[in-house]
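Reading through the structure tokens given below for one structure.
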Amino acid sequence: MPSLYGKQITDGKTPMLLTITRNLEKTLLRSISERYGIRYDSLSYTVPPKIELGELALPVAFDLARRVRRPPAQIAGELASDAGRLPGIGRVEVAGGGYLNFHLDRGALARDLARSIGRERFGCETDPGPGGKIIVEHTNINPNKAAHIGHLRNATLGDSFVRCLRFLGREVEVQNYLDNTGVQVADVVVGLERMQNRTLEEVAAIGGKFDYVCWDVYAQVSDFYQRSEENKQWRSRTLQAVEAGGNPTAELAQHVAMRIVDAHLATMERINVRYDLLPRESEILHLHFWDTAFRLLKERGAVYYVDEGKNRGCWVMNTAEAPVEAPRAESEDDEKIIVRSDGTVTYVGKDIAYQLWKFGMLGLDFQYRKYPRETGHPLWITAAEGDGADAPRFGHAERVYNVIDSRQAYLQSIVVQGLRALGYTAQADNSIHFSYEMVALTPACCDELGFPLTEQDRKRPYVEVSGRKGLGVKADDLLDALELKALGEVRARHSLPEEEARRIARAIAVGALRYFLLRFSRNTVIAFDLREALSFDGETGPYVQYAAVRAGNIFRKLEESGEKAPPLEGAHPGLDAFLEENDEIWDLVCQAARFPEIVRQISQNLELGQLCKYAFSLAQKFNLFYHKHHILSEADPLRKGHLLLVVDLVRRQLEKALDLLGCEVPARM
RNA sequence: GCGCCCAUAGCUCAGUUGGAUAGAGCAUCUGCCUUCUAAGCAGAGGGUCGCAGGUUCGAAUCCUGCUGGGCGUACCA
């Protein structure tokens, strides 16, 4: 029977509830072994359907019943008597024909949670020995056009995952890789230089939203290539010039790439996404990362030169599971080109070098420069020459997560295969493709946005976003629409100074957007629906934010009337009886206590949607509580104190959950 | 062709440990603002968990086959 928490990665902190369940597991495993002579590696817990039935349930008696051929309820009864005297557990019951249901000590757990929250731990207890550094690579937008909704899904997944890991006490380095020497940049350079005949000076003089300008240029360049063979040749020529560097075309490419990078950073800052390092592909090339990796790959025979057939003149990697001696024509299908016949390197090739560097296995390092941003968060970029500043020690990770959409699974597997071929088995095992499905547009949405569709596309459930066709919803446009709508809602409710109203509208817009993109499971294709994305009602970020704002208002009003909230680390006399008598309120507290457990699960299954679901259900339970109990007018001071404590616990957990989702709690809503 | 993924309420989705009566939101309908803000709350209707077998005390969940759809299999990424 698999463990509740699956394969453990060494996290820095342990959820409070987990300490209780671990104790319980230890005791029960021993007693099962002694009573029935059966050994399990671990026990799996579930949550009972109703809080009246307890907080934890074990279905282990059903499995034992079959093995020892006795009724499950009888077995559960025997185990119950063994587990009744553990710290933190109030009582044990047998229910549902054989479930072992545990009722926790409500007062003790609530007090522990309050103390933990007071110490900014939110229910996590410190565990010794955190693991090594984790690198999370995300965003990675080709710096040749404006960011679109698909990129936003990537960035929010990556960013919230990073927030979760850091919450659990892990050291995390966030890298946003810039493919500034790739084909896509070259395409825009061809568009500007060859199609529009513009010089660097002329391009530099282009005002307004440069990423939007390039969006259109990129969408037109396919046509340009199709017009003549000569046009098409500019692609390869330009790419070679860009890779080589030190020529006007390369200079233009770098101007384009870095200006677009600035635009992307600005877009991501709007939704609270930050990075630690911007590794550039140009440095992978110019600092000979690729040359070194290439030499290693050749020495190990992981790549070989092809002098006949369709891959003639290329260096390739054989991707067949077991390399077989087959006729050329057949093995060709299993070859992935690493170096093209014109001598340029594919993305995968450069990515192998980059991945080796992330683990500190290349024996080379970048130079670094500070990259100025106004976020307060230090950002660095790789450079051929440093600026003398004291850069942190980048790279040298124990584990690497690459947040990349599922369509690139094949390429990611080749990178890992490259590591394996070089003998870096542990690093290959610790290279994790954080895979997620794309964001697509429904045909209806395309109509609404004025994109023409073919008859064939019209029949599909959704159409892929395509930068090449200029088909997609730009990130900034969507954010603008969200902010505008939110501003309208704010103004309808409050008369506030313009600046404050806008600040609140921004927080709501970000809350709506990030929640919308995170709430789906990773392998669900998001068929983008504008109406749904713009919604602030129901299961949305603003719903959760609203609950947090309501909770905050109670404390604001309390202070305005000159009263004080009960301290989190107080003795709270009478709390035990209060929680025993109020199942619904206890259910709310218990849900608040589960928070770190959810984060821990996410660190293992990478499903950020579970954090959304958690925050939403906590907000839902809070709204129910808020509706039923009028706190400030409560006459009984003791009861009022308990209610305030509950609000405080929930509010702090809600705020932290929102923080991990990358959402802020506005001052009012 | 081969590989991976998906199919759950009218719509969009949870249900990643095989467990108790399959859950949310939206939409529809009925109520609730003199209150710590109604971006809220309460209630109603709505299900052959794609189909057919199998394993199991127990299957939306695991296995096999089928049907329908998506993605990948580029000298793009």
Side-chain angles (χ1 to χ4, degrees), chain A residues 1-6 42-46 48-50 53 57 59 62-63 65-66 72 95-99 101 140 142 179 182-184 187 235-236 310-314 316 319 333-334 336-342 344 346-348 351 404-411 435 437-438 440 460-462 464 468 486 489-490 492-494 508 519-527 529 531-532 535-540 542-543 545-547 549-558 601 604-607 609-610 612-613 616-617 620 623-624 626-633 647 668-669:
Chain A
M1 205 177 280
S3 155
L4 172 53
Y5 303 100
S42 58
L43 297 176
S44 63
Y45 293 90
T46 63
K50 279 183 182 170
L53 294 169
F62 293 106
D63 192 64
R66 186 175 66 237
Y99 281 94
N101 285 353
N140 297 13
N142 270 303
D179 188 1
V183 178
Q184 294 210 21
D187 283 338
R235 186 184 219 188
S236 173
K310 65 172 185 181
N311 295 337
R312 187 157 53 97
C314 299
V316 302
T319 60
D333 294 339
D334 294 325
K336 175 65 199 170
I337 289 161
I338 305 296
V339 179
R340 303 183 187 99
S341 57
D342 64 3
T344 56
T346 58
Y347 174 85
V348 195
D351 213 20
I404 304 178
D405 80 75
S406 61
R407 288 169 295 186
Q408 297 192 46
Y410 171 66
L411 296 195
S435 167
E437 271 290 352
M438 63 180 159
R460 294 165 157 272
Y462 47 76
E464 274 187 70
R468 207 165 283 279
E489 300 281 342
V490 172
R493 289 169 176 79
H494 313 280
I508 293 168
R519 55 178 256 244
F520 301 91
S521 68
R522 285 185 292 134
N523 54 10
T524 296
V525 177
I526 300 181
D529 181 281
R531 198 183 56 92
E532 213 180 314
S535 170
F536 300 152
D537 301 324
E539 202 205 319
T540 65
Y543 177 97
Q545 289 171 311
Y546 185 59
V549 167
R550 281 176 142 183
N553 282 345
I554 293 173
F555 287 96
R556 187 169 49 81
K557 287 258 170 162
L558 188 75
Q601 264 174 44
Q604 284 158 30
N605 65 21
L606 319 182
E607 291 293 358
Q610 291 180 358
C612 295
K613 293 281 180 298
F616 177 67
S617 83
Q620 229 177 2
N623 273 333
L624 175 63
Y626 180 92
H627 186 253
K628 276 194 168 174
H629 307 277
H630 198 271
I631 293 143
L632 293 182
S633 63
V647 177
R668 58 184 77 215
M669 276 180 83

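This is a predicted model, so every value here is computed, not measured. Letters A, B, ... mirror the listed sequences (proteins, then strands); counts begin at 1.
Among the heavy atoms of the strands lying under 4.0 Å from A:F536 is at least one base atom, whether or not backbone atoms are also near. Residue-level contact check: A:A65 touches neither bases nor backbone, having no heavy atom under 4.0 Å from any strand. Within the nucleic acid shown, A:K628 has no heavy atom closer than 4.0 Å to any nucleic acid atom. Residue contacts shown for A:I508 include a base, since a base heavy atom lies under 4.0 Å away. Within 4.0 Å of A:V316, counting heavy atoms only, lies no atom of the nucleic acid at all. Residue contacts for A:F555: at a heavy-atom cut-off of 4.0 Å it reaches no nucleic acid atom on any strand shown. Using a 4.0 Å heavy-atom criterion, one finds that A:D179 contacts the sugar-phosphate atoms exclusively. Residue contacts for A:D351: at a heavy-atom cut-off of 4.0 Å it reaches no nucleic acid atom on any strand shown. As judged by a 4.0 angstrom heavy-atom cut-off over every strand, A:P49 is placed among the base-contacting residues. Among the heavy atoms of the strands lying under 4.0 Å from A:Q620 are primed sugar atoms or P, OP1, OP2 only; no base atom is included. Using a 4.0 Å heavy-atom cutoff across all strands shown, A:L624 reaches sugar-phosphate atoms only and no base atom. Nucleic acid contact class of A:P72 (heavy atoms, under 4.0 Å, all strands): none. Using a 4.0 Å heavy-atom cutoff across all strands shown, A:R556 reaches no nucleic acid atom at all. Residue-level contact check: A:R235 touches neither bases nor backbone, having no heavy atom under 4.0 Å from any strand.
Atom P of B:rC32 sits at a distance of 15 Å from the matching atom of B:rA38, rounded to the whole Å. As rounded to the nearest Å, B:rU16 and B:rA60 have P atoms that lie 12 Å from one another. B:rG68 and B:rA52 have their C1' atoms separated by 15 Å, given to the nearest Å. For the P atoms, the distance linking B:rC41 with B:rG25 amounts to 8 Å, nearest Å. One P atom belongs to B:rC49, the other to B:rC11, and the distance between them is 16 Å to the nearest Å. Rounded to the nearest Å, the gap between the C1' atom of B:rU61 and that of B:rG50 is 16 Å. B:rU17 and B:rC36: their P atoms are spaced 44 Å apart (whole Å).
Residue A:D405 places no side-chain atom within donor-acceptor reach of the base of B:rA77, judged by atom type and a 3.5 Å distance cut-off alone.
A:N553 and A:R556 form a side-chain donor-acceptor contact under 3.5 Å, judged by distance and modelled atom types alone. Remark: the A:R522 side chain and the A:N605 side chain contain no N/O donor-acceptor pair separated by less than 3.5 Å. If you check the side chains of A:D334 and A:T319, you find no donor sitting under 3.5 Å from an acceptor. A donor and an acceptor atom, one from each side chain of A:D342 and A:T344, are located under 3.5 Å apart.
Scanning RNA chain B for stems, defined as runs of 3 or more consecutive Watson-Crick or G-U wobble pairs whose donor-acceptor distances all fall under 3.5 Å, gives the following ranges: B:1-7 with B:67-73, B:10-13 with B:23-26, B:28-32 with B:40-44, B:50-54 with B:62-66.
Considering only the side chain of A:R340, B:rC75 comes nearest among B:rU73, B:rC41, B:rC75. For A:D537, the side-chain atoms get nearest to B:rG40 when compared with the rest of B:rG40, B:rA77, B:rG72. If you check B:rG72, B:rU21, B:rC75 against the side chain of A:K50, the one that comes closest is B:rU21. Listed candidates were B:rC41, B:rG69, B:rA38. Nearest to the side chain of A:P461 is B:rG69. Listed candidates were B:rA77, B:rC71, B:rC76. Nearest to the side chain of A:E464 is B:rC71. Relative to the side chain of A:F616, the nucleotides B:rC71, B:rA24, B:rA39 differ in distance, and B:rA24 lies closest.
Taking 4.0 angstrom as the limit, A:R668 places none of its side-chain polar atoms (N or O) nearer than this to OP1 or OP2 of B:rA39. Contact annotation: A:Y543 reaches the phosphate of B:rC41 (side-chain N/O to OP1 or OP2, under 4.0 Å). OP1 or OP2 of B:rC41 has at least one side-chain nitrogen or oxygen of A:N623 nearer than 4.0 Å. Dashed line: the shortest gap from a side-chain N or O of A:R460 to OP1 or OP2 of B:rC71 is under 4.0 Å. At B:rA77, none of the side-chain N or O atoms of A:Y347 fall inside 4.0 Å of OP1 or OP2 (strictly under the cut-off).
For the atom pair A:M438 CE and A:T524 OG1, the distance stands at 12.0 Å (nearest 0.5 Å). In this structure, A:S521 OG and A:L606 CG are separated by 12.0 Å, a value rounded to the nearest 0.5 Å. A distance of 8.0 Å separates CZ of A:F555 from CD1 of A:I631, quoted to the nearest 0.5 Å. Atom CD in A:Q184 sits 7.5 Å away from atom CG in A:D179 (nearest 0.5 Å). The NZ atom of A:K613 sits 11.0 Å away from atom CD of A:Q620, with the distance rounded to the nearest 0.5 Å. Rounding to the nearest 0.5 Å gives a distance of 8.5 Å between CG of A:D351 and CD of A:Q408.
Under the 4.0 Å criterion applied to side-chain N and carboxylate O atoms, A:R407 and A:E464 are assigned as salt-bridge partners.
Ring to ring, A:F616 and A:Y543 are close: their centroids are under 6.0 angstrom apart.
By the 4.5 Å heavy-atom criterion applied to side chains, A:Y626 and A:I554 are counted as neighbours. In this structure, A:L632 and A:L558 have side chains that are in contact, with non-hydrogen atoms separated by less than 4.5 Å.
Residue ring and base: A:H630 counts as stacked with B:rC36 (centre distance below 5.5 Å, interplanar angle below 30°).
Comparing A:E489 and A:T540 by the nucleotide of RNA chain B that holds the closest heavy atom to each, the one mapping nearer the 5' end is A:T540. Along RNA chain B, the nucleotide closest to A:I337 and the one closest to A:A95 are compared, and the more 5′ of them pairs with A:A95.
Syn is the glycosidic conformation of B:rC33, whose angle stays within 90° of 0.
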ask   = A:D405 and A:E437: side-chain contact (heavy atoms from CB on, under 4.5 Å), yes or no, with the steps?
value = CA-CA 6 Å; A:D405 80 75; A:E437 271 290 352; over 6 Å; no
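Applying the salt bridge (Lys or Arg N to Asp or Glu O under 4.0 Å) criterion to A:R340, with sequence neighbours excluded, gives no partner residue. Residues forming a side chain to side chain contact (heavy atoms under 4.5 Å, CB included) with A:R668 (at least two apart in sequence, or on another chain): A:H494, A:L496, A:E500, A:I504.
B:rA74 atom C1' lies 15 Å from atom CZ of A:R407, rounded to whole Å.
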Listed pairs, N/O of protein and of nucleotides 55-58 of chain B, under 3.5 Å:
unit_1: B:rC57; atom_1: N4; unit_2: A:R66; atom_2: NH1; d: 3.3

Review item, nucleotides 27-33 of chain B N/O atoms under 3.5 Å of protein N/O:
none

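Here the closest non-hydrogen pair linking A:Q601 and A:Q610 is OE1-OE1, 3.8 Å.
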task = Sugar-phosphate atoms are those with a prime plus P, OP1 and OP2; base atoms are the rest. Using that split, label each nucleotide of nucleotides 6-15 of chain B B, S or - for protein heavy atoms under 4.0 Å, 5' to 3'.
result = S-----SSS-
